[in-house]
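Here's the structure, in structure tokens; my notes come after.
As the structure is a prediction and not an experimental result, all values here were calculated from the model. Proteins get letters first, then strands, A, B, ... in listed order; numbering begins at 1 in each.
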Amino acid sequence: MINELLTLTLIQAGKELYGQDIPEKIIQVQKTRPEFEGDLTIVVFPLLRISKKGPEQTAGELGNYFVSQLENVTSFNVIKGFLNLTIADHFWLNFFDKNRKLDNFGKNEPREEDPVVIEYSSPNTNKPLHLGHIRNNLLGWSVSEILKANGENVKKVNLVNDRGIHICKSMLAWKKWGDGATPASASKKGDKLVGDFYVLFDQKYKEEVANLVASGMEKEQAEQEAPLLVEAKQMLKQWESGDEQVRKLWSEMNGWVYEGFDVTYKRLGVEFDKIYYESDTYLLGKALVEEGLEKRVLFKKEDGSVWCDLSSDGLDEKLLLRANGTSVYMTQDLGTAELRYNDYHPRELVYVVGNEQNYHFEVLRLILKKLGRSWAENIVHLSYGMVELPHGKMKSREGTVVDADDLMDEMYDTAKQTTEELGKYNDFSAEEADKLYHMLSLGALKYFMLKVDPKKTMMFNPEESIDFNGNTGPFIQYTHARIRSLVRKGEAQGNRWSDMDFKEIEMAPKEKSLIKLLYDYPATLEQAAQNFSPAMIANYVYDLAKEFNQFYQEITILKEEDSGKRAFRLALSEFTGNTIKSAMGLLGIEVPERM
RNA sequence: GGCCCUAUAGUUCAAUGGAUAGAAUGUCAGAUUCCGGUUCUGAUGAUCUGGGUUCGAAUCCCGGUAGGGUCACCA
């Protein structure tokens, strides 16, 4: 890497010119802004205390040193405190030649080490997946791929919340009013069917509460004592005590939900190495609570409930077991974390969970530490922002929830319509066309959601998300298709470039800037991995596509008369296309050969 | 109210403490003897507010304003 070389040389310069050690921290090597001459820039302001001279003079002395010491630095210029270095063409061409044919350009070989376990998706089984889950799933999947590409040993896991009062509500509604309906009989996805009964429960429950209030009961009491809720709670108890009838219905309805989820997951293109179910793990947390009581990390109140006192950490008391001995969310999560640690001994346990649960994870880590689990420090909460709609938050009561399947359907239709209007490839078979529309619609959706910094709340505008112009997935997919078309034509024309040597070629400015951008891919990938940020990849690949389009617009390729230049440009195009494909792949986005 | 997070062109997003804050979209004006016009070029337009630290602040610190999250024997 040229940056490291420059850094080392600068340290050497500090010794030779000023007799001092330059701390690496204060060295800043950055890309030269396009409006200035040069390729890489060293900011000299921080070095003034080493040189004890003015910025211009320091930069000048350093510039001379670089040129005299490094063959790859051909010239320099100084503007204010910025030392702009020009890197030799043969350096860029050498990079180009060495990397253009690699199929793993920018990626690292897998390292043999303890895994990074990434939990994402984590659905409840009482309702279908919606827009919020989509951000979660896309993020989790993409971050996993980015870490893998960076050489990490990654395990993707899902934690399904398959037990609790919520699923009992759906079950109860189904028993009362379902009339034996199944996904097959209702012609409905299983998750949708179960979700419908959850909604139905809520309606009927509210009616009951309203009636009770009308007959004179206090609202609070009515909410507690409504027969439906009492019955649902009863059902939960039956579930916990292993009642055969309840368990049977529970398995059956959850089975429907999983079939439905599988369809959505498959369409989204996500998958998992292992799926945990809370029904299997919720008891483990109780063992940890026992341990905590013995170690006096936790305490029991008079009513039998168990708590953790976190006031010395600036937080409140946290409930871990209810007075009736049943476990809560935190209890389950403690157990799941321990199980997962035992399963994998991971270097890092990453949880892709919305930022509304920041407090939860702070507490989780604290309690595990108090229990003496040193690996609690390896818990990383990849906390992402909420997805908002132009008219505010999604609210199920107001019917503004954007359903995942519906959204993908709409995007598919738009992709189809847009492509048909252009009418370029009417020779596609129905099957090919279907595949293309799928590719484009998911490309638009995934790119739209992943290009935003995960930490930030994002605005989801359905109309803009299916746009095909500007900073969008289809724009990049189009660029790729165009490159592939170019390459095919280049080959058909009889050009051959794979074994050619381009070290002596003279680069046009647009060619050089494209190569320089390609050079950035490995470092970008590394940064994206460090920051768990698919957005960095998305922004990079957009820049790359744009840079290519400028090159393409400005420079003749197939009609270039010099066969060497023609081959070089085709090779550069092919390399760019491959890098676009690679980067988009990390976002879970496929790119077409034709569109 | 306590704690946490956020605030950048009309809008949606960028910017390891570094040069004149970049894109997209919108609006206006242009480009094709061409290799795919879902492209390219130009114009327009922004750091919430007041202090502080620094050679240098959108970025770090303090106060204010506005918005969001969270503080359940829900998950």
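- For the pair A:L364 CG and B:A75 C1', the computed distance is 14 Å after rounding to whole Å.
- Mapping A:A545 and A:M386 onto RNA chain B by nearest heavy atom places A:A545 at the nucleotide closer to the 5' end.
- Side-chain atoms of A:R484 and A:R594, non-hydrogen and from C-beta on, never get closer than 4.5 Å to each other.
- If you take atom C1' in B:U8 and the same atom in B:A23, they sit 13 Å apart, rounded to whole Å.
- Ring-plane geometry between A:F548 and A:F551 is classed as tilted, the angle between the planes lying from 30 to 60 degrees on a 0 to 90 degree scale.
- Between A:Q527 and the phosphate of B:U16, there is no side-chain N or O to OP1/OP2 separation shorter than 4.0 Å.
- Comparing B:U59 with B:G2, their P atoms sit 25 Å apart, to the nearest whole Å.
- Looking at RNA chain B, the stems built from 3 or more consecutive Watson-Crick or G-U wobble pairs, each pair with its key distances under 3.5 Å, are B:1-7 with B:65-71, B:10-13 with B:22-25, B:26-31 with B:39-44, B:48-52 with B:60-64.
- Among the nucleotides B:C4, B:A75, B:U38, the one closest to the side chain of A:N358 is B:C4.
- Here A:V43 lies in heavy-atom contact (under 4.0 Å) with a base.
- Using atom P as the reference point in both B:A9 and B:G50, the two lie 16 Å apart (nearest Å).
- In this structure, A:F460 and A:F448 have perpendicular ring planes: the angle between them is above 60°, well past the 30° mark.
- B:A21 and B:G63 have their C1' atoms separated by 26 Å, given to the nearest Å.
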Between protein and nucleic acid, restricted to nucleotides 55-58 of chain B and to nitrogen or oxygen atoms under 3.5 Å apart, what atom pairs and distances do you find?
none

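- At whole-Å resolution of the value, NE2 in A:H360 and C1' in B:G69 are 15 Å apart.
- Rounding to whole angstrom units, CG of residue A:L321 and P of B:C74 are separated by 12 Å.
- A straight line from NZ of A:K510 to P of B:U39 spans 16 Å, rounded to a whole angstrom.
- With both ends at atom P, the span from B:A24 to B:A66 equals 35 Å, rounded to whole Å.
- For the C1' atoms, the distance from B:A14 to B:A7 is 15 Å, rounded to whole Å.
- Among B:C35, B:A7, B:A31, the nucleotide with an atom closest to any side-chain atom of A:Q553 is B:A31.
- For A:R322, a side-chain nitrogen or oxygen approaches OP1 or OP2 of B:C74 to under 4.0 Å.
- A:K455 comes within 4.0 angstrom of no nucleic acid atom, judged by non-hydrogen atoms across all strands.
- Expressed to the nearest 0.5 Å, how far NZ of A:K318 lies from CD1 of A:I367 amounts to 7.5 Å.
- In this pair, A:F82 does not lay its aromatic ring on the base of B:G18; centres under 5.5 Å and planes under 30 degrees do not both hold.
- No contact: A:L320 has no heavy atom under 4.0 Å from any strand.
- Here A:E560 lies out of heavy-atom contact (under 4.0 Å) with every strand.
- The side-chain heavy atoms of A:H381 and A:V353, taken from C-beta on, include a pair separated by under 4.5 Å.
- Scanning for ring-ring contact (aromatic ring centres under 6.0 Å, His included) contacts around A:Y277 gives A:Y258, with sequence neighbours left out.
- Electrostatic pairing of A:K219 and A:E223 counts as a salt bridge here, judged by a charged N lying under 4.0 Å from a carboxylate O.
- Atom P of B:C61 sits at a distance of 25 Å from the matching atom of B:G22, rounded to the whole Å.
- Residue A:N126 is out of contact with every strand shown, counting any heavy-atom pair closer than 4.0 Å.
- Considering only the side chain of A:Y478, B:G37 comes nearest among B:C4, B:C13, B:G37.
- Taking the side chain as every heavy atom from C-beta outward, A:K31 and A:D520 approach each other to under 4.5 Å.
- Judged as a salt bridge (Lys or Arg N to Asp or Glu O under 4.0 Å), and not counting sequence neighbours, the contacts of A:E547 are A:K510.
- Between A:K25 atom NZ and B:G17 atom P the separation is 14 Å, expressed in whole Å.
- Across A:N158 and A:S121, no two heavy atoms sit closer than the pair OD1-CB, 3.6 Å.
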Summary of protein contacts for nucleotides 20-30 of chain B, nucleotide by nucleotide, where a base hit scores B, a sugar-phosphate-only hit scores S (4.0 Å, heavy atoms): S--SSS-----

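- In the set B:U39, B:C71, B:C4, B:U39 carries the atom at the smallest distance from any side-chain atom of A:N549.
- A salt bridge links A:D202 to A:K206: at least one charged side-chain nitrogen sits closer than 4.0 Å to a carboxylate oxygen.
- Taken to the nearest 0.5 Å, the NZ atom of A:K455 stands 9.5 Å off from the CG atom of A:L382.
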Side-chain polar contacts of residues 470-483 of chain A - donor-acceptor pairs under 3.5 angstrom, sequence neighbours left out - could you list them?
residue, atom, partner, partner atom, Å
A:N471, OD1, A:Y447, OH, 2.5
A:T472, OG1, A:F468, O, 3.4
A:T472, OG1, A:F475, N, 3.2
A:Q477, NE2, A:M439, O, 3.1
A:Q477, NE2, A:E590, O, 2.8
A:T479, OG1, A:F475, O, 2.9
A:T479, OG1, A:N549, ND2, 3.3
A:H480, ND1, A:P592, O, 2.9
A:R482, NH1, A:N549, OD1, 2.9

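- Residues A:L62 and A:I42 fail the side-chain proximity criterion, which asks for heavy atoms closer than 4.5 Å.
- Atom CD in A:Q550 sits about 8 Å away from atom P in B:G42, given to the nearest Å.
- Distance noted for atom C1' between B:U6 and B:C13: 15 Å (whole Å).
- Where A:E554 and A:H166 each meet RNA chain B at their nearest nucleotide, the meeting point lying more 5' is that of A:E554.
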